[in-house]
Engineer: 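Let me begin by handing over the structure; questions about it come next.
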Amino acid sequence: MVRARIIGTGSYTPRKILSNNDLARLVDTSDEWIMTRTGIKERHVAGDGEATSTFAYQAALKALEMAGITAGDLDMIIVATVTPDMLTPSVACLLQHKLEAYQAAAFDISAGCTGFLYALSTADSFIRAGNCSKVLVVGAESLSKITDYTDRTTCILFGDGAGAVVLSREQGQQGILSTLLYADGSCSDLLYMPGGGSAHPASPETIAKRYHYLKMDGNKVFKRAVKALEDCVTQILEKNKITGDQIALLISHQANLRIIQAIAKRLELPKEKVFVNIQKYGNTSSASVPIALDEANRQNRIKKNDLLLMNAFGAGFTWGSALVRW
Ligand code: UT7
């Protein structure tokens, strides 16, 4: 059986840290409210001169080093992001240049916080179709650049960083077993950034209206995310004839601790099988699952042949899950 196996992981978060107490000096909030409602204690944010490709590059270097291959071995680079350095060219092309991986095809995927799972699934398809043998998949974001630090309903949530994996075409039972992807574009107005695209290109008016910042109806997103993810993880297990107790580690998108706990409860997973790092990074959108995966890997929380269940939900709406045998 040909599979896409994860042979290296890496992650990077910027040095600058914004704590809950820092935010309480900017808006009417408190450490206690943020911790209770979200589980977030602090988040890392871009410093001067740092952009999404800065983080993607650092995470990619670490993943390549662990994989034991060079950038020259890559056939393809896919970057999931909603905060590219610029509208065009893609972060993947900027990264290809930084890595000097000129033989690799390169493109971005925009699928909100589910971007990494969309990118992983795409890479898996290229590999199993026989079109690629080594693919770099990165989730990278600079959400601080589109966060409105006068809006307490969103600014407490988001952080910056990147995570990366190297996938290799291999024979055997290890690798990506299955992915499920979903979208519901009818909910696009519940989590979006109105300005900067072709509908509302930058103008003094769009800036005055604060169109270049994320807008979210958090409570509606929360309710839909819990339902969609509970259904999605149940479906992927049923599809693969696997029961919750066979999962060694749950790696969820780190958007809200209460969402992660709801999924763990549905699967009846004990605490030690649920990876959580939201307290350190907040919601880093496409970067959150690969940062968590890399941390779990480097903390030796994953053993050979372990079953990992990943899931994410985000703007679009988009959501999905992936089942991996390590
Ligand atoms: O990654 C993409 C997907 N995104 C998500 O999954 C995010 C999903 N949503 C959430 O995580 C939660 O909805 C939030 C953390 C954003 C909000 O938590 P909530 O329990 O849904 O709170 P809420 O929006 O219902 O607001 C409850 C109260 C409101 O006050 P009133 O109307 O009850 O007086 C808010 O104005 O909390 C108030 N509030 C705050 N208070 C202190 C909202 N934000 C804050 C804040 N500090 N930062």
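All ligand and atom numbering here is 1-based and tracks the order in the structure. Below, each value reflects all heavy atoms present in this structure, side chains not excepted, and no hydrogens, waters or symmetry copies.
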Engineer: Among all protein heavy atoms in this structure, tell me which lies nearest to atom 2 (C) of ligand 1, with the distance rounded to 0.1 Å.
Structural biologist: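 Closest protein heavy atom to atom 2 (C) of ligand 1: Cys113 SG, 3.3 Å.
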Engineer: We want to know whether Glu205 and Ser203 form a side-chain donor-acceptor pair, criterion being a heavy-atom distance below 3.5 angstrom.
Structural biologist: no
Engineer: To which protein heavy atom is atom 18 (O) of ligand 1 closest, and what is the distance rounded to 0.1 Å?
Structural biologist: Arg258 NH2, 3.7 Å
Engineer: Is it true that Asn21 and Ser19 share a donor-acceptor pair across their side chains at a distance under 3.5 Å?
Structural biologist: no
Engineer: Which of the listed options, Trp33, Phe317, Trp319, Phe222, holds the heavy atom that is closest to atom 17 (C) of ligand 1?
Structural biologist: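 Nearest option to atom 17 (C) of ligand 1, by heavy atoms: Trp33.
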Engineer: I'd like to know whether CD of Gln235 has more than 12 heavy-atom contacts from other residues, nucleotides or ligands below 6.0 angstrom.
Structural biologist: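 Yes.
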Engineer: Below 3.5 Å, N or O to N or O, backbone or side chain included: is there any such pair between Gly218 and ligand 1?
Structural biologist: yes
Engineer: For Thr29 and ligand 1, does the shortest N/O to N/O distance drop below 3.5 Å?
Structural biologist: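 By distance alone, the answer is yes.
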Engineer: I'd like to check which ligand 1 atoms, numbered from 1 as shown, lie under 4.0 Å from a non-hydrogen atom of Ala255.
Structural biologist: 1 (O), 5 (C), 6 (O)
Engineer: Which protein non-hydrogen atom lies closest to atom 4 (N) of ligand 1, naming both residue and atom, and how far is it?
Structural biologist: Val221 CG1, 3.6 Å
Engineer: Would a line drawn from the ring center of His253 to the ring center of Phe313 be shorter than 6.0 Å?
Structural biologist: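 Not under 6.0 Å, so no.
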Engineer: Ser30 to ligand 1: N or O pair under 3.5 Å?
Structural biologist: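 No: no nitrogen or oxygen of Ser30 is under 3.5 Å from one in ligand 1.
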Engineer: Using a distance-only test with no angle check, is there a side-chain donor-acceptor pair under 3.5 angstrom linking Asn256 and Thr38?
Structural biologist: no
Engineer: Testing Ile17, Leu18, Ile34 one by one against Glu42 for a side-chain contact (heavy atoms from CB on, under 4.5 Å), which residue passes?
Structural biologist: Ile17
Engineer: Report yes or no: do Thr154 and Asp151 form a side-chain donor-acceptor pair below 3.5 Å?
Structural biologist: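 A pair is found: one side chain offers a donor N or O, the other an acceptor, under 3.5 Å apart.
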Engineer: If we count only non-hydrogen protein atoms and require a distance under 4.0 Å, does atom 21 (O) of ligand 1 qualify as touching the protein?
Structural biologist: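 It does; a protein heavy atom is within 4.0 Å.
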Engineer: Would you say atom 43 (C) of ligand 1 makes contact with the protein, given that contact here means a non-hydrogen protein atom less than 4.0 Å away?
Structural biologist: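 Protein heavy atom within 4.0 Å of atom 43 (C) of ligand 1: present.
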Engineer: Measure the distance from atom 1 (O) of ligand 1 to every protein heavy atom, then report the residue, atom name and distance (to 0.1 Å) of the closest one.
Structural biologist: Asn283 ND2, 2.6 Å
Engineer: Ignoring hydrogens and geometry beyond distance, is a side-chain donor-acceptor pair present between Glu141 and Thr81 at under 3.5 Å?
Structural biologist: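 Yes, side-chain donor-acceptor contact under 3.5 Å.
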Engineer: Measuring to protein heavy atoms, does anything land under 4.0 Å from atom 13 (O) of ligand 1?
Structural biologist: yes
Engineer: Tell me which protein heavy atom sits closest to atom 15 (C) of ligand 1, plus the residue, atom name and distance to 0.1 Å.
Structural biologist: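 The answer is Thr38 CG2, 3.5 Å.
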Engineer: Report, in ascending order of atom number, the atoms of ligand 1 lying under 4.0 Å from any heavy atom of Phe313.
Structural biologist: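 Answer, ordered by atom number: 1 (O), 2 (C), 3 (C).
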Engineer: So between Asp28, Asn256, Leu157, whose heavy atom ends up nearest atom 10 (C) of ligand 1?
Structural biologist: Asn256
Engineer: Counting non-hydrogen protein atoms only, what is the nearest one to atom 27 (C) of ligand 1? Give residue, atom name and distance.
Structural biologist: Arg37 NH1, 3.5 Å
Engineer: Under 4.0 Å from atom 32 (O) of ligand 1, is there any protein heavy atom?
Structural biologist: no
Engineer: Are a donor atom and an acceptor atom from the side chains of Asp294 and Ser11 found within less than 3.5 Å of each other?
Structural biologist: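 Checked: Asp294/Ser11 side chains pair up, N/O donor to acceptor below 3.5 Å.
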Engineer: Using a strict cut-off of less than 4.0 Å between a Lys/Arg side-chain nitrogen and an Asp/Glu carboxylate oxygen, indicate whether Asp306 and Arg325 qualify as a salt bridge.
Structural biologist: no
Engineer: Ion pair present between Lys16 and Glu50, side-chain N to carboxylate O less than 4.0 angstrom?
Structural biologist: no
Engineer: Between Arg43 and Asn20, is any side-chain donor less than 3.5 angstrom from a side-chain acceptor?
Structural biologist: yes
Engineer: Record the part of Asn219 in heavy-atom contact with ligand 1 below 4.0 Å; permitted values are side chain, backbone, both and neither.
Structural biologist: both
Engineer: Please state which option from His253, Lys223, Arg152, Gln254 has its nearest heavy atom closest to atom 36 (O) of ligand 1.
Structural biologist: Arg152
Engineer: Numbering the atoms of ligand 1 from 1, which are under 4.0 Å from a heavy atom of Ile259?
Structural biologist: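 Listed by number with element, the hits are 6 (O).
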